[in-house]
Amino acid sequence: MMNDIKQQIDALRQTLEQANYDYYVLNQPTISDFEFDSKLKALEALEAAHPEFYDPNSPTQRVGSDLNREFEKVAHAYPMLSLSNTYSEGEVQDFYNRISKDLNEPFEIVCELKYDGTSISLIYENGQLQRAITRGDGVQGDDVTANVRTIRSIPLKLHGDDYPAQFEIRGEVLLPWASFNQLNEERAAAGDSLFANPRNAAAGTLKTLNPKVVAQRKLDSYLYYLLGENLPADTHFDNLQAARRWGFKVSDAVKKCVKLDEIFAFIRYWDVERKNLPVATDGIVLKINAIHQQQQLGWTAKSPRWAIAYKYNPEQAKTRLKAITFQVGRTGVITPVAELEPVELAGTTVARATLNNEDYILNKDIREGDTVIVEKAGEIIPQVVRVVSEDRNPMQTTAPFDFAARILELGLDAERPENEVFWRLRKPNRDQIVRRLIHFVAKPCLNIEGMGESVVTNLYDAGLVKTPADFYALQKHQLLQLDKFAEKSAKNLIEAIAASKHSELWRLIHALGLPNVGIQTAKDLARHFKNLDDLAHADYDSFRRRSVSEKTGRELIGETSVIAGIGAVVAQSIITWFSDPEHQDLLDQLRAAGLNFTSAATNACALSDLTGKIFALTGTLPTLTRDEARQLIENAGGRVSGSVSSKTNYVVAGAEAGSKLKEAQRLGVSVLNQDELLALLDSDAPTIDRDDTAAAVVQGELF
Ligand code: IVH
C-alpha cells in the first residue's frame with residue numbers, strides 16, 4: 001500500500017517534471033494546461049497526506065512557499081569572476097592573436113550569446129539541485145535556492161545517468177521581455193515604481209524574500225559554464241551538449257569557430273538576429289574550447305585569459321525632439337527633459353529622455369525641433385546623445401536653447417549656483433513638494449502600499465496632504481472624494497497608512513529626505529542612535545571623533561568617524577537639516593501622529609558579546625576601510641589578528657579576499673561580509689530588507 005503510494009507520487013512527479021521540461025526548456029508543450037493542473041493537484045494531495053515522502057525537488061515545490069527568510073551567505077567553491085570586455089572587432093582580433101601566440105598550436109573558439117541577466121551558480125549532487133548561489137562579491141554570494149526552485153527551466157532532478165556525482169553549472173537568470181513588460185504594466189497600474197530593465201528586474205526578483213512572489217514572475221535561465229572534477233568531456237562545447245541532455249536550457253546559438261572571419265560572421269549575424277530573441281542580450285562571449293588549453297592560458301586576478309566578451313554598441317534610434325521641458329526633483333534640482341516623437345528602442349517605446357543639465361544641452365547644441373539620436377545602453381534612462389545636424393533645416397531659424405529664458409517664462413524662482421551644473425529652485429514649489437511626499441511613502445521609505453505617485457499628487461492638489469504628517473490625518477471619506485477610490489480601496493489605503501507608523505526607524509530616517517542620506521546611511525544612523533530624537537539632537541562630536549596629539553594634548557591631528565562611513569560633510573548636513581525649525585515641527589507632528597521613532601531593541605549591551613573574540617580581515621569591504629572595521633571590532637571588545645588560525649572566531653572577507661579566506665574555509669572558521677559584521681557588532685541592527693534591491697533599481701525620481 002505504502003509502496004503503491006510512493007510509486008504514484010514518483011510517477012506524477014516524473015510526468016510533471018517532463019511536462020515542465022517540454023514546455024519551459026524545449027518550448028514544445030506536450031500536455032494541456034488542464035491536464036498539468038489536475039495532475040499537480042493530485043500530487044499535492046498525495047504529498048499532503050504523506051509528508052514522509054516530502055522532497056524539496058518535487059514539482060509541487062516550484063510554486064514557492066510563503067516563508068520569508070534571510071539569505072545565507074555561501075562561499076563559492078570557485079570564485080565567480082567576470083570577463084574582460086571588448087568593444088571592437090580590432091580588440092577581438094587582438095585577443096585571437098594573443099591566443100595564437102600563447103598556445104602556438106591549433107585551437108577552436110566557441111562563440112555564444114552574452115545574456116544580459118543576473119548570474120547564478122547551481123550546485124548539483126547525485127543529479128539533484130542542492131544549492132543556487134548568486135554571484136555576490138565573487139567570493140561569496142547569497143543562497144537563493146528556494147527562489148531558484150521556482151524557475152521552471154531549471155531542472156530540479158537531472159535526466160539520464162551520465163552526470164558527475166557533484167558539479168557546478170553557471171548561467172544567467174533572465175526575465176523575458178514579455179514578462180518584464182507585463183510586470184511593469186502591473187506595477188504601473190498598482191502605482192508601484194517600475195523596473196528599469198529586465199536585468200534589474202531579474203536581479204531584484206531573485207533577491208526577493210518571498211519565493212511565492214518569485215514564482216509569479218516567470219524567470220527563465222540559460223546555462224553556459226560547467227565546473228567540477230569529473231566533467232564528461234574535455235571541451236567546453238561537448239560539456240554544454242551534455243548539460244543540454246541532462247535537462248538544462250543551453251542556448252542553440254553556440255558555434256565552434258577556427259578562423260577569425262567565422263567569429264566576425266557570428267558577431268554580425270547576431271547583432272541583427274538578437275533583436276528577435278525573447279530575452280535581452282548585450283554581446284557575444286568567446287571561449288577557448290579545449291579545457292586543457294583553457295588551463296594552459298589560465299586566469300588573471302579578475303577574469304579568465306581564455307575568454308572575452310564582445311559588447312554590442314548600445315542600441316540607438318533616430319527621432320524628433322518635440323520640446324524641452326523641465327522636471328523638478330525632490331531636492332529642487334531642475335532636470336531638462338526631451339519630449340520625443342515616440343520611437344521603438346531596445347524593446348520599449350521611448351517618448352522622453354534626459355538631457356541632464358544646461359551644459360549638456362549647450363555643448364551638444366540641442367534645439368527644440370531637431371532630429372536627435374537617442375540611446376539606451378541597458379541603463380535606466382534613455383539619453384539624447386547627439387543632434388543629426390544634416391537634418392536641421394538651414395532655412396529654419398531656430399536659436400540655441402536658452403535655459404535661463406525658459407526658467408523665466410515658466411515663472412520658476414530658480415538659480416544656478418556658482419560652480420554647479422544644476423539649476424535649483426530657491427523655494428520649494430508644488431512639484432518639489434509633491435516629489436518629497438512621493439519619496440516619503442515610497443518603497444524604500446515608509447512603503448505605504450497603494451499610495452502611488454498619482455494618488456499623492458491628487459491628495460496634494462485636493463489640499464488634503466501638504467506635509468508628510470498629513471498622511472496620518474487622512475480619513476476614509478476624504479479619499480472617497482477623490483477619483484478612483486471606492487470603499488474597499490479607501491479602507492485598504494487607510495490601513496496601509498496606519499500600518500506604516502510601525503515601520504523600522506531607518507525607513508523613517510530615509511523618508512525624511514536629508515541631503516546625502518541614502519538607504520545605507522539611514523540604516524547606519526538608526527543602528528547607531530536607536531532613536532530619532534537622539535539623532536536630531538546629535539552634535540558634531542557624536543558623528544566624528546577629533547583626535548588630539550597625545551604629546552601636547554592640544555594639536556588636532558585628525559578626525560575619525562564614530563559611525564563608519566559618515567564623513568564630515570554628511571555629519572554637517574545632518575546637523576544643519578535638524579536645526580531647521582520647519583523640520584523640527586515636522587518631527588513633532590510625526591511624533592504626535594504616533595510614528596515609531598526608535599529601533600526595535602534599545603539596549604546596547606549586545607556589544608559585550610565580542611569580548612575576547614578574535615577576528616581577521618581580508619579583501620576590500622564595500623564601504624568600511626580596514627582601519628574603520630578594526631576600530632569597530634575593538635570598540636566592541638574584539639581583537640583583530642593578522643593571520644588565521646584555529647583560534648580565530650571570524651574572518652571578515654571582502655572583494656578580492658586573499659589566502660586568509662581560503663585558510664578560514666579550510667579550518668571551518670565563520671566567514672562574514674560587511675553587513676554581517678555590522679549586524680554582529682550590533683545585534684539589534686535593522687534587518688536588511690532585500691526587496692530594497694528591487695526598489696533601488698526603479699526609474700528613480702526622473703520619469
Ligand atoms: S562565461 C569564466 N558565458 O557575463 C567565464 N558569461 O562579464 C564565466 N554572461 O559573469 C562566464 N552570457 O554573468 C559566460 N554565454 C556566457 C554569458 C556570460 C552572459 C555574463 C555572466 C558573466 C558576465 C561576464
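The residues of the chain are indexed from 1 along the displayed sequence. Read the numbers this way: they start at 1 and go in the same order the structure lists the ligands and their atoms. The shown structure was predicted, so the numbers you read here are calculated from the model rather than taken from an experiment.
Ranking the protein heavy atoms by distance from atom 12 (N) of ligand 1 puts Y115 N, 3.0 Å first. With respect to atom 5 (C) of ligand 1, the closest heavy atom belonging to the protein is L83 CD2, 3.7 Å. Closest to atom 4 (O) of ligand 1, if we only count protein heavy atoms, is K114 NZ, 3.2 Å. Of the protein's heavy atoms, E112 OE1, 2.8 Å lies nearest to atom 15 (N) of ligand 1. Protein heavy atom at the shortest distance from atom 3 (N) of ligand 1 is K287 NZ, 3.0 Å.
Scored by the ring pair (Phe, Tyr, Trp, His ring centres under 6.0 Å) test, Y222 finds Y115 as partners (sequence neighbours excluded).
Remark: the backbone N or O of D282 is not paired with any side-chain donor or acceptor of K311 at under 3.5 angstrom.
Close approach of ligand 1 to S119 (heavy-atom distance below 4.0 Å) involves ligand atoms 13 (O). For ligand 1, the atoms closer than 4.0 angstrom to any heavy atom of S82 are 7 (O). Shown in contact with R135 at under 4.0 Å from a heavy atom are these atoms of ligand 1, numbered in order with element: 10 (O), 22 (C).
Heavy-atom contacts from other residues, nucleotides or ligands closer than 6.0 Å to CD of E105 number more than 12. Annotation for Y23: atom OH does not count as buried by contact number, only 12 or fewer foreign heavy atoms lying within 6.0 Å.
The heavy atom nearest to atom 11 (C) of ligand 1, out of those in Y222, Y78, Y224, W299, is found in Y224.
Note: no N/O pair closer than 3.5 Å links Y225 and ligand 1 by distance alone. By the 3.5 Å distance cut-off applied to N or O atoms, L113 is counted among the residues near ligand 1. At under 3.5 Å, a nitrogen or oxygen of E172, whether backbone or side chain, sits near a nitrogen or oxygen of ligand 1.
A salt bridge links R131 with E72; the closest basic N to acidic carboxylate O contact falls under 4.0 Å. In this structure, E112 does not pair ionically with K114, as no charged nitrogen and carboxylate oxygen lie closer than 4.0 Å.
By the 4.0 Å heavy-atom criterion, A307 is excluded from the residues contacting ligand 1.
Using the six-membered ring where Trp is involved, W177 and F180 have ring planes that are perpendicular, over 60° apart on the 30 and 60° scheme.
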For residues 255-263, which side-chain donor-acceptor pairs fall under 3.5 Å, sequence neighbours excluded?
{"residue": "E262", "atom": "OE1", "partner": "V258", "partner atom": "N", "Å": "2.9"}
{"residue": "E262", "atom": "OE1", "partner": "K259", "partner atom": "N", "Å": "2.6"}

task: Check the pair D162 / W246 against side chain to side chain donor-acceptor pair (under 3.5 Å), numbers first and verdict last.
output: CA-CA 8 Å; D162 61 335; W246 302 335; 2.8 Å; yes

